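The chains referred to below are lettered A, B, ... by the order of the sequence lines, with proteins before strands, and numbering in each begins at 1. Worth saying up front: this structure is predicted, and the values here are computed from it rather than measured.
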Amino acid sequence: MKKLADIYINIPVKTIVHSYTYIIPEQFSFLQAGSRVVVPFGARKMEGFVVKIYPMDEENSDLLKEIVDIIDTESYFTTKIMQTARFMAQFYLCSLGETLRLFIPGKNSIKIRQIYIVKDKNAEISNEEKAVYEYIKANPECDIKQLQAIFKEDAEIIIKSLQKKNIIDSDYAYKNRGKNKYKTYIKINSTVVTTELLAAMTRKKVQKKALEFLGDEKFHSIDELKNNGFSSTIVKALIENNYAVAEEKQIFRDSYDMVRPQELMDIELTDEQKNVMQQISPYIEQGLTKMFLLHGVTGSGKTQIYIEAAVKVLAQGKQALILVPEIVLTGQLVVSLKKVFADDVVVIHSRLTVNERNDAFMRIRTNNVKIIIGARSAIFAPFFNLGLIVMDEEHDASYKQDESPRYHTRDIAVKMAEIYSSVLILGSATPSIESYFAAQNNEYQLLEMPHRIDNKPLPQIRCIDMREELHFGNRHILSRPLAALIEETLQQKQQIIIMLNRRGFSTFVMCRSCGLVMKCPQCGLPLVYHRQNYLQCHHCDIRLPVPDVCPDCQSRYIKFFGSGTEKLEQELTETFPNARTIRLDRDTTGKKMAHQEILQSFKAGRYDILLGTQMVAKGHDIPNVTAVGIISADASLNMPDFRAAERCFGLITQTAGRAGRGDVKGKVIIQSYNPEHYAVLCGIKQDYAAFYKQELYLRKELFYPPYAKLIKLTVQDKVEQSALDKALQLKEKFRKTFKDFSRYQIIGPAPSIIANFRGIYRFNLLVKTVSLADVNAFLRAEKIDIDKAVKIDINPLNTM
DNA sequence: ATTAGCTACGAT
DNA sequence: TCGTAGCTAATT
């Protein structure tokens, strides 16, 4: 009897939330849930994911179409992946198709294109259409791109005309996106090549030599033979004479292959580290689900904990996933981990090619690799048996995906720790308020490492009130004390890091005659001036020329205001002409490895001063850095966002933590316009507990996380008023459904930070609730989950 | 995301 | 009255 399959279509569209049912044809009767298939969908063919298989009910089967092809012979999505994807679809209010596609490299397994075929082979064709007709006849799988390349703009018109006359028809062709890479290996055929045979080989000298080389009966690659002086002709002869057998083996592309394992040093753990490991180990050994929050100050040796935990997991024969916020931070970790785990390490991040990613996933799926390092997308790898998830810098905003589905890696990691029965370690020097709160409430077990390794002191921090600097007539970016600290550090041949969290030269451009601020024509945000003489929108990245005169009043009095890293760089080179300065921000790290190279050469001592955006604050360990300057940690305090203080405190603590990692005590200077703000005060004292207490108090007062859960709803429409009206209606419905103001609140509608982007107007509603599930159900009941005019962001990082 | 199908308006 | 652009609804 035939079977049916419920299938989700691989389409990232929120209006399609349910599965579609197809007939499984006889030849594919082996299909299982979790397989990827090709199905007809509307007029097209699409990739689909089988989620359920059941016997066919004869009644309405004639309405159903058949699966046309399969992509996998065995199930691609494991049961555990299915569970994770189901959780995500439920939690983030999107379709299972949308979440499942995250688990395949490149989000599509096949590439589908429309092709044209000749239907009527003997048709009478007019002269102007003849060439196209003949081309399609001669090239059975040609698509619109090929035809356009030859017949230019005529192609489309003629195709339409031919289709209308029923002379040609369209169909869909598809091919696998990933290509496996193979290499030929050969092995001596010992049943044929006996010692007697070798002894009798007098004529084929080179072949004899080659066979002696292959004496160990193991597989050797053709490359290896070539490198040892045996040409491909010899290899061919060996195989033809049946002296050797050949085999194709899949090889895995690995862009980190050049990072070779170094000699392993035995590292003695500190008492703090030992204590932490004692708490973690039992859960790993017994394979239990357990969440830890590892709160360790900068330089306390959290990485060593990750390594030790991974060693323990490997001993259990399981895999360990180590997540870092950004690709660039993988570099250092890869080196540390390769020291210990050699080729058992694989790296995954979004800049890998689809093929590299495919290979990495294959190695993980087949348990060929045990340690997986990666940025947030690595959580979607097909783990064989996952025993440990580490999330380093768990507070970091890059763990949140900014486009649909807007997941937070931490939410998924917590769920996966349950599903895989594994240990989760969230590590940070400045944990997110939510995570620390969860630890206080025993949802996570708190592990504290308050001391630096070897009891190195935390840096000494001084705060400079920039308002006073201005009173003294200092209009520079650098305060006098910071300039003095730089001078002193340079003289001692030590290194300096300076952080200014804004790239570009000036932060806004204004006409001094009429006050017009140059804004992005697409999204309306102020444009930033860059020294290579262009204006750039830091939201949508478009570049515009600098106007000579004001577009409004024609005045030539256009001035640049505010300071970015480019201006800071200029000031530093002017003030310290002998210092070697290097800048690190998104503009200097365009190429794939540039970030790594800049840090490497700074670490190697080829530069004295490293300046840049928050990139300079993250994760690296450079012993000769003894001084750190923070120019604008408090700039974010002026933003109307409830997480502004948390971000400011984190930035100060993280950046200051770069200083004094070697033998000399570090010195840090913070320049501030809000020196009395608690985020700055606690940052200076490096006092997380005090900051947490103060922040928690405010969060409770204002009903923000961790006391409330947030949902941001963005209503968008081409007509401003329609968007606003719709938002107001939604707000009204919410108010009617949730009357308990102490438990359910809705704020807004407020224009989005990019209120008008490409002619679409946006308004935000912010829901604050004690129960995400309740509001979730409400949004489903109101069909907001399938309304393409409303974007839903569960646990948004910013509220604007 | 695509596309088939329908409505409304303009040229013939 | 036909043709086409623009919008909507449906995709098993």
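Scanning DNA chain B 5' to 3' for nucleotides with an atom closer than 4.0 angstrom to a non-hydrogen atom of chain A gives a first and last hit of B/dA1 to B/dA4. Interface limits on DNA chain C: the 5'-most and 3'-most nucleotides within less than 4.0 Å of chain A heavy atoms are C/dT11 to C/dT12.
Contacts of residues 12-36 of chain A with DNA chain B (heavy atom under 4.0 Å): A/Val13. Less than 4.0 Å separates DNA chain C from no heavy atom of any residue of residues 89-113 of chain A.
With a 4.5 Å cut-off on side-chain heavy atoms, A/Leu323 and A/Tyr399 count as touching. Put simply, the side chain of A/Gln83 reaches to within 4.5 Å of the side chain of A/Ile419, judged on heavy atoms. A/Val39 has its side chain out of reach of A/Lys65: every pair of non-hydrogen atoms, C-beta onward, lies at least 4.5 Å apart.
Every salt bridge (Lys or Arg N to Asp or Glu O under 4.0 Å) that A/Arg36 has, sequence neighbours left out, goes to A/Asp72.
By the 4.0 Å N-to-carboxylate-O rule, A/Asp541 lies close enough to A/Arg503 to be salt-bridged with it. In this structure, A/Arg410 pairs ionically with A/Glu394, as a charged nitrogen and a carboxylate oxygen lie closer than 4.0 Å. Comment: A/Glu141 does not engage A/Lys175 in a salt bridge, judged by the lack of any side-chain N to carboxylate O separation of less than 4.0 angstrom.
A stem is defined here as three or more consecutive Watson-Crick or G-U pairs, each with both distances under 3.5 Å; for DNA chain C these stems are B:1-11 with C:1-11.
The number of heavy atoms from other shown groups lying within 6.0 Å of NZ (A/Lys768) is above 12. Around atom NZ of A/Lys111, no more than 12 heavy atoms belonging to other residues, nucleotides or ligands sit under 6.0 Å away.
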Determine whether A/Tyr54 and A/Asp6 satisfy the following criterion, side-chain contact (heavy atoms from CB on, under 4.5 Å), listing intermediate values before the conclusion. CA-CA 9 Å; A/Tyr54 48 97; A/Asp6 283 351; 2.7 Å; yes

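Judged by distance alone, the side chains of A/Ser75 and A/Gln32 never bring a donor and an acceptor atom under 3.5 Å apart. Inspection of the A/Asp396 and A/Ser398 side chains reveals an N or O donor paired with an N or O acceptor under 3.5 Å.
Judged by the 6.0 Å distance and 45° axis criteria, A/Arg101 is not positioned over the aromatic ring of A/Phe380.
Checking A/Thr99, A/Ile412, A/Ile794 one by one against A/Phe91, the side chain to side chain contact (heavy atoms under 4.5 Å, CB included) holds for a single residue, A/Ile794.
Using cut-offs of 30° and 60° for the angle between ring planes, the A/Phe738 and A/Phe734 rings count as tilted.
At a threshold of 4.0 angstrom between heavy atoms, the contacts of A/Tyr172 are confined to the sugar-phosphate backbone, with no base atom among them.
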